[in-house]
Amino acid sequence: MLNLMIIHSKKVNLVWQLLLLVMIAHTSFSQKITRGPYLQMSTPTSMMIRWRTDIPVASKISFGLTQNALNSSKSENLQKTEHIITIDNLKPNTKYFYGIASGNTVLQASIDNFFVTNPPVGTEQKVTIWALGDMGMGTEGQKRVYQQYLNYTEKTHTDLWLLLGDNAYAQGMDWEYQQRFFEYYQVDRLMKQTVLLPSPGNHDYSPTANNYRIEDPLVAYFSIFSVPTRAEAGGVPSGSKAYYSYDYANIHFVSLDSYGREDMDKRLFSQDSEQMKWLEKDLKANKQKWTIVFWHHPPYTMGSHNSDTENELRLLREGVVPLLEKYKVDLVLNGHSHNYERSQMIKGHHGLEATFNQKQHGMSTSTGRYDTSKDSCPYIKNSKVPENDGIIYVVNGVGAGNGGSQKSYPHDAMVYSNSVNPGSLYLEVEGNRLDAKFITEDGTVKDQFTILKDVNQKQTLKLEANQNTIPLQASWTGNFNWQHDNSKNQSVQVSPTVTTKYIVQDDQKCLQDEFTVKVPSVYSLKDFNLTSTKSGMSINWLTIQERGIVRFEIERQRQGSDFKSVVKINSKAKGQFSDKTLFYRYIDHILENEETVNYRIKVTDNDDFIYYSNVKSVNTALKIAD
C-alpha cells in the first residue's frame, strides 16, 4: 500500500512539473498584443501609446527617427496586460517609428508602426481627419466603410481620428470593443499611426442600466480611452474623462458627452451643468482659427431619430447651439441617427423643423459643394463681418450601417441627406480652408463641402522708393487665375510703373482678390539738391509727374537725434494728377557749428500713404558731404 502511494505521488509530481513547463513555455513564447497599439493624448513634444497583451508582461516602447534605428526606449517593469506609456521630450511635427516589446521580446515593429508629433499650435499646415459614428457593430458594412476610406486616402497620413459615440454595440462592453472595434481597425495602418479623439454615446453607457452616471467606472469607454483632462493638449482643463478640448495646428477640437448625467440629473444641455460651464470657459479662451465640436446626439436630424419629438435632441438645440453660435464655432459633428445629413451654414434656428426659414437662418444660398455644379461656391466666413457667421452640422452615424427615416425626412435645414449608404467623413484643413467629403462603402464621394475664411480681400499696397517689384498672394488655398498674365500660382511678383489694379480669381469665379498697387511720383524725388547760400541751406527738387501728392515735408536730423520736421509744403498740383515739371525750393536757416546734418523729404498722398526720399548729408560749415 505504501509503495502504491509513493508511485502515485511521483506521478502527481510529474504532472505538476509538466504543467509548470507548459506555463513557462506559454509565458516565454505565447505573449502577444491583443489590442492596439493605439495613440492617445499627443502634443508637440509627447505621445501616449496604449496596448493590451494576452498575459501580464513588462511594457517597453523603442523609438527612433528611422525604422532601423529605434535607439531610444521607455519601459515599465511591472507585469500587466494593460500597457500605457507616454514618450516625452520629442520634437514637434516629427515622424518617429516605434516598436513594442516586453524585455528583449519584440511584440510588434513594422514600417506601419510610426507616429507624428503635433505641429506647434497655430501652424497653418494641412491637417487630415477621419470622423465617423455608430461604427462598432461588427458588420460587413463597417468593413467596407473602413476599406474604402483606406483606399481613398491611400498613402496620405491621417493625423486625427474622431469617434462620434456608440463606438461598440450593443452595450459598450469591453469585449464588444475588442471584437467590434479594435479587431476591425487594428489590423491595418490607421490605428497604429493616428491619434484617437473619442466621445461617448448612449450605447457606450448601456452597462449602467438606467443610471447613466457620467464617468461611471462600469462604462468601459472610460478605462479604454485616455483624454486630456488637465489641458495637456491645450484648451481649458475639464477635470473630466467625459469631455475635453484639444489643440492641433490651427484647430481647436471640443469633445462633449451628451448622454452622461451629473449630480441632480444634470446633462450637457442643462445651463448650470458643470459641462456647460466648462464649455463656455473653453470656447471663450479659444484663439484658434478653426473650431470643431463633436458629440453623439444631433440637434438637427430627421433620419433614424427625430430632433423635433425626442426631448434630449430638442434640448441640445435649445441649450447648446446658442452657445456654439456665440463663440463662432465652425463645424459640429454628431452620430446617433443612422444616416448622413449635412446642413447649410445656419444660425439662429433653435425651434422645430417647421420654423426653419432659409432667408432668416441660412447664412448662404450656396450648397457649398465647390464642384462646378450650380450654386456650389464655398461657404465664406469673414471675421470682419461676424454677424454673417454660421455653423455647419453633420450627422455621421453611418460607420457600420444606414437606415430609417422620419416622415418629414429630409430635415429642411439639410443640403444633403442619405439614408441608404454607410460611410465616413474625411476632413482636410489647411490655412483658412476646410474641405469635407462623405466617402461611402462603395468608394464614391456622395457629398462634399468647403469653408473658407477671410477671402475675397481688397488691398491697397504701395511700391516703396527702393522697390522695383512687389509680391502679391491670393487669400485662399486652391486654384488661381491672375488676370494680368494668366499665372496659375498662389503668389506672383509684379513690377508696375504706374498705379495698377491686379485681380486673381479661382476657376469657378467664386473667389476674387483685388490688389491696388500704388506707384507714387516720389520716384522723381529719389534725389534732391542741397546748395549753400548766404541765407542758409537751399533745398531744391523737381517732380516730373505727380499723382495725388498732398504735401511734402522737409525733415532734418542732427547728430544723436531723430529726424524732425522743418517745414510742410503743399503740393502745387493740389493732390491732383499733373504731368508738368514742378519746381520746389526751401531755405533752411541753420547755424554753422561744424556738425553734420541729414536731410530727407517725406511725401504724403491722398490715401495718407507716406514715402521718403533718400537721405543727404551736409556739414554746417556749408560744405556738401559726399
Side-chain angles (χ1 to χ4, degrees), residues 38-39 127-153 156 158-169 172 176-177 180-191 193-204 221 224-225 253 255-256 258 292-298 301 303-305 331-342 392-403 416-429 435-449:
Y38 54 109
L39 308 179
V127 179
T128 54
I129 305 159
W130 191 38
L132 71 169
D134 303 75
M135 78 295 292
M137 294 184 180
T139 63
E140 288 300 312
Q142 181 180 350
K143 288 182 180 179
R144 290 192 296 270
V145 168
Y146 179 43
Q147 189 57 54
Q148 291 300 338
Y149 176 77
L150 293 175
N151 293 345
Y152 186 85
T153 54
T156 300
T158 303
D159 296 308
L160 302 171
W161 179 4
L162 310 187
L163 305 182
L164 308 181
D166 284 1
N167 309 302
Y169 279 83
E176 290 174 314
Y177 265 99
R180 298 169 187 171
F181 180 79
F182 285 100
E183 291 181 9
Y184 269 71
Y185 301 115
Q186 68 188 17
V187 296
D188 217 299
R189 65 181 189 269
L190 188 78
M191 185 171 283
Q193 305 169 359
T194 300
V195 177
L196 269 166
L197 301 183
S199 64
N202 51 290
H203 281 278
D204 297 295
Y221 170 92
I224 290 171
F225 297 112
F253 295 91
S255 172
L256 301 173
S258 58
I292 298 175
V293 182
F294 60 103
W295 72 87
H296 188 59
H297 295 78
T301 182
S304 63
H305 288 275
L331 179 63
V332 171
L333 305 177
N334 306 115
H336 193 54
S337 204
H338 292 184
N339 309 77
Y340 175 88
E341 302 169 276
R342 193 259 296 179
I392 295 174
Y393 297 84
V394 175
V395 181
N396 185 23
V398 287
N402 194 331
Y416 177 81
S417 299
N418 187 319
S419 60
V420 177
N421 302 110
S424 62
L425 193 69
Y426 173 60
L427 299 168
E428 285 186 355
V429 180
D435 292 281
K437 295 181 179 179
F438 175 53
I439 306 165
T440 61
E441 62 176 339
D442 61 3
T444 59
V445 176
K446 299 290 188 184
D447 182 43
Q448 63 185 65
F449 62 91

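Positions are given from 1 along the sequence. Heavy-atom basis, side chains included; hydrogens, waters and symmetry copies ignored.
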Walk me through it: do T128 and T153 pass the test side-chain contact (heavy atoms from CB on, under 4.5 Å)? CA-CA 10 Å; T128 54; T153 54; over 6 Å; no
Result for ring-ring contact (aromatic ring centres under 6.0 Å, His included) between Y146 and one of W161, Y184, F181, W130 points to W130
Report the residue from Y185, Y177, F182 that forms a ring-ring contact (aromatic ring centres under 6.0 Å, His included) with Y38. F182
Let me confirm one number: the [atom1]-[atom2] distance from [X] to [Y], rounded to the nearest 0.5 Å.
X: M191; Y: L39; atom1: CE; atom2: CG; answer: 9.5 Å
X: K143; Y: E441; atom1: NZ; atom2: CD; answer: 13.5 Å
X: L160; Y: L427; atom1: CG; atom2: CG; answer: 10.0 Å
X: K446; Y: I439; atom1: NZ; atom2: CD1; answer: 12.5 Å
X: L197; Y: L164; atom1: CG; atom2: CG; answer: 10.5 Å
X: F449; Y: Y416; atom1: CZ; atom2: OH; answer: 13.0 Å

For a 4.5 angstrom cut-off between non-hydrogen side-chain atoms, does [X] reach [Y]?
X: D134; Y: H203; value: no
X: Y426; Y: V445; value: no
X: V293; Y: L256; value: yes
X: N334; Y: T301; value: no
X: V332; Y: V394; value: no
X: R342; Y: L425; value: no
X: V420; Y: N402; value: no
X: M135; Y: V145; value: no

Decide yes or no on side-chain contact (heavy atoms from CB on, under 4.5 Å) for L190 and D188, but give the supporting numbers first. CA-CA 6 Å; L190 188 78; D188 217 299; 5.6 Å; no
N396 vs L333, test: side-chain contact (heavy atoms from CB on, under 4.5 Å). Steps then yes/no. CA-CA 7 Å; N396 185 23; L333 305 177; over 6 Å; no
Can you name the side chain to side chain contact (heavy atoms under 4.5 Å, CB included) partners of S258, sequence neighbours left out? L268, W295, H296, H297, L316
Side chain of S255, backbone of P198: donor and acceptor closer than 3.5 Å? yes
Okay, side chain of S424, backbone of A131: is any donor-acceptor separation there less than 3.5 Å? no
When you look at T158 and Y149, which way does the side-chain contact (heavy atoms from CB on, under 4.5 Å) test go after all the steps? CA-CA 10 Å; T158 303; Y149 176 77; 2.8 Å; yes
Heavy-atom closest pair, residues M137 and H338: CE-CE1, 3.3 Å
